Amino acid sequence: MGLKHKDLLGIQDLSSEEIRLILETAEPMKDIIRRQIKKVPTLRGKAVINLFYEPSTRTRTSFELAGKYMSADTINISTSTSSVVKGESLRDTAKTLEVMGADIVIIRHSAAGAPHILSKYISASVINAGDGFHEHPTQALLDMFTIKEKKGRIDGLKVAVVGDILHSRVARSNIWGFTKMGAEVRVIGPSTLLPPGIEKLGVTPYTSIEEGLSGVDVIMVLRIQLERQQKGLFPTIREYARLFGVTPERAGLARPDALIMHPGPMNRGVEISPEVADSMQSVINEQVTNGVAVRMALLYLLAGGGSPHEIID
């Protein structure tokens with residue numbers, strides 16, 4: 001079984017079977033990353049374009065390495081120096097990439113739905129690398145891969161997502177992904193940072209971090225977006241850290257073997273204390289490595305790859 005669509009636009013569009021396929025395909029990809037020579041000819045002759053309308057370090061570099069490890073021709077387009085600043089529309093950009101022979105286009109955009117629009121105008125596969133406050137599907141996939149690797153399963157686990165749920169595309173993708181895979185999801189934060197009616201997504205909201213973290217298997221800490229602090233959603237950064245920062249004492253309320261996760265970049269001392277970020281339970285650095293493996297898996301599957309076990313032969 002392969003992916004049912006030519007694009008990866010969101011976790012919301014994926015079935016649990018498709019998520020399992022992606023996670024299974026990422027396993028041999030991680031073996032490639034561990035090799036001394038990190039190169040396979042799997043995507044030789046394929047053109048992969050990174051089209052980022054927003055700044056990014058981890059995601060863009062991760063996709064670039066994923067393509068290069070699989071021998072694809074990987075091109076980065078900086079919109080600040082492209083025709084976009086001259087007023088070119090997304091549709092015209094799509095057509096330009098089409099006639100240049102792009103096979104896969106990875107797009108990050110500040111507008112929710114931009115990857116969906118792009119996919120309608122181009123025959124190449126489109127991967128959503130983050131669109132506004134909507135979704136960040138590859139982050140959720142690498143998070144699920146990390147948990148499955150460490151815990152052996154996702155089904156039945158208790159996962160707590162802590163922080164700015166209201167503005168987080170990572171939170172949305174993770175909520176859809178974890179609930180589809182059978183986890184119990186809790187969201188924790190000030191009431192001003194919890195979307196109204198979030199219970200409809202199958203999660204349990206908490207405004208007490210102590211209650212929310214009690215007995216969980218995974219603590220997913222989200223970045224507090226400092227640019228939003230001035231909009232009155234909580235009094236001060238110091239106050240947020242005091243009430244909702246994940247400290248060693250609060251992390252201790254979770255299960256003894258609970259995983260500590262963060263999509264990065266971190267605000268140390270705000271949403272997470274340095275002691276927790278650097279603890280033995282932290283898998284934050286492994287999330288970065290796993291991000292490359294999961295993105296390799298997606299490039300492979302969208303390029304028409306078959307069994308994942310053929311990759312390392």
Side-chain angles (χ1 to χ4, degrees), residues 7-9 22-23 25-40 42-44 46-82 84 93 97 102-110 114-115 118 124-132 135-146 149 168-170 173-174 220-223 225 261-268 277 282-303 311:
D7 311 301
L8 177 75
L9 302 178
I22 295 166
L23 302 186
T25 307
E27 291 175 13
M29 298 301 182
K30 192 166 182 179
D31 292 334
I32 294 169
I33 297 170
R34 292 191 184 109
R35 293 177 181 178
Q36 190 170 3
I37 299 175
K38 304 170 181 64
K39 201 79 166 179
V40 290
T42 313
L43 296 184
R44 183 179 292 155
K46 296 289 186 181
V48 177
I49 295 179
N50 282 322
L51 180 64
F52 278 59
Y53 289 78
E54 283 186 325
S56 170
T57 301
R58 286 170 179 75
T59 304
R60 186 189 61 76
T61 305
S62 183
F63 269 115
E64 185 177 2
L65 284 172
K68 288 182 175 179
Y69 288 165
M70 302 186 78
S71 301
D73 295 313
T74 307
I75 303 100
N76 295 317
I77 296 180
S78 171
T79 57
S80 61
T81 56
S82 74
V84 171
T93 300
L97 299 177
D103 295 295
I104 299 174
V105 178
I106 298 129
I107 179 173
R108 169 169 286 190
H109 204 288
S110 60
L118 182 67
S125 292
V126 174
I127 298 176
N128 180 0
D131 62 328
E135 275 222 52
H136 192 350
T138 61
Q139 179 68 48
L141 288 164
L142 75 89
D143 291 340
M144 287 187 278
F145 180 78
T146 304
E149 186 178 56
S168 176
R169 55 195 175 200
V170 172
S173 288
N174 269 317
M220 174 85 60
V221 189
L222 298 178
R223 179 176 74 91
Q225 302 177 44
M261 306 180 75
H262 195 302
M266 288 184 285
N267 297 307
R268 288 173 176 264
S282 171
V283 291
I284 295 169
N285 287 332
E286 288 185 63
Q287 286 176 270
V288 178
T289 302
N290 290 342
V292 179
V294 163
R295 286 160 181 141
M296 288 172 71
L298 283 169
L299 294 178
Y300 174 75
L301 290 168
L302 290 175
I311 302 159

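Heavy atoms only: backbone and side chains are in, while hydrogens, waters and symmetry mates are out. For this chain, numbers begin at 1 and follow the sequence in order. Since the model is a prediction, treat every value here as computed from it, not as a measurement.
For the atom pair CD1 (Ile127) and CG (Leu9), the distance works out to 10.0 Å, reported to the nearest 0.5 Å. If you take CZ on Phe52 and OG1 on Thr59, they are separated by 6.0 Å, rounding to the nearest 0.5 Å. Going from atom CG of Leu302 over to atom CG of Leu8 covers 6.5 Å, rounded to the nearest 0.5 Å. In this structure, CD on Gln139 lies 7.0 Å from CG on Asn174, to the nearest 0.5 angstrom. With values rounded to the nearest 0.5 angstrom, Phe145 atom CZ is found 10.5 Å from Thr289 atom OG1. Rounded to the nearest 0.5 angstrom, Leu298 CG and Thr138 OG1 are separated by 7.0 Å.
Using a 4.5 Å heavy-atom threshold, the side chains of Asn290 and Val283 count as separate. For the pair Lys46/Ile104, no side-chain contact is recorded, criterion being any heavy-atom separation below 4.5 Å from C-beta on. Residues Glu149 and Leu23 form no side-chain contact, since every pair of their non-hydrogen atoms from C-beta on lies 4.5 Å or further apart. When side chains are defined from C-beta on, Tyr53 counts as touching Thr93, because their heavy atoms get closer than 4.5 Å.
Annotation for Ala303 and Leu43: closest pair CB-CD2, 3.5 Å, computed over non-hydrogen atoms. For Ile284 against Ala277, the heavy-atom pair with the smallest separation is CD1-O, 4.0 Å. Considering all non-hydrogen atoms of both residues, Val292 and Ala66 come closest at O-CB, 3.9 Å. Residues Met29 and Thr25 share a closest heavy-atom pair of CG-O, 3.2 Å. Of all the heavy atoms in Ala293 and Ile33, the pair that sits closest is N-CD1, 3.6 Å. Heavy atoms only, all atoms of each residue included: Leu299 and Phe63 are closest at CD1-O, 4.5 Å.
Looking at Gln287, its side chain does come within 3.5 Å of a backbone N or O of His262 through a donor-acceptor pair. Looking at Asp131, its side chain never comes within 3.5 Å of a backbone N or O of His109 through a donor-acceptor pair. Checked by atom type and distance alone, the side chain of Arg169 never pairs as donor or acceptor with a backbone atom of His136 at under 3.5 Å. Distance alone, capped at 3.5 Å, is enough to place a donor-acceptor pair between the Asp7 side chain and the Val126 backbone. The main-chain N or O of Thr42 is never found under 3.5 Å from a side-chain atom of Ser71 such that the two would form a donor-acceptor pair.
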Evaluate Asn128 against Glu135 for side-chain hydrogen bond (donor to acceptor under 3.5 Å, both in side chains), listing each step before the verdict. CA-CA 8 Å; Asn128 180 0; Glu135 275 222 52; over 6 Å; no
Assess the residue pair Ile106 and Arg60 against the criterion (side chain to side chain contact (heavy atoms under 4.5 Å, CB included)); give the C-alpha distance rounded to whole Å, side-chain angles, the decisive distance to 0.1 Å, and a yes or no. CA-CA 9 Å; Ile106 298 129; Arg60 186 189 61 76; over 6 Å; no
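Counting non-hydrogen atoms of neighbouring residues, nucleotides and ligands closer than 6.0 angstrom, the CG atom of Asn76 exceeds 12 such neighbours.
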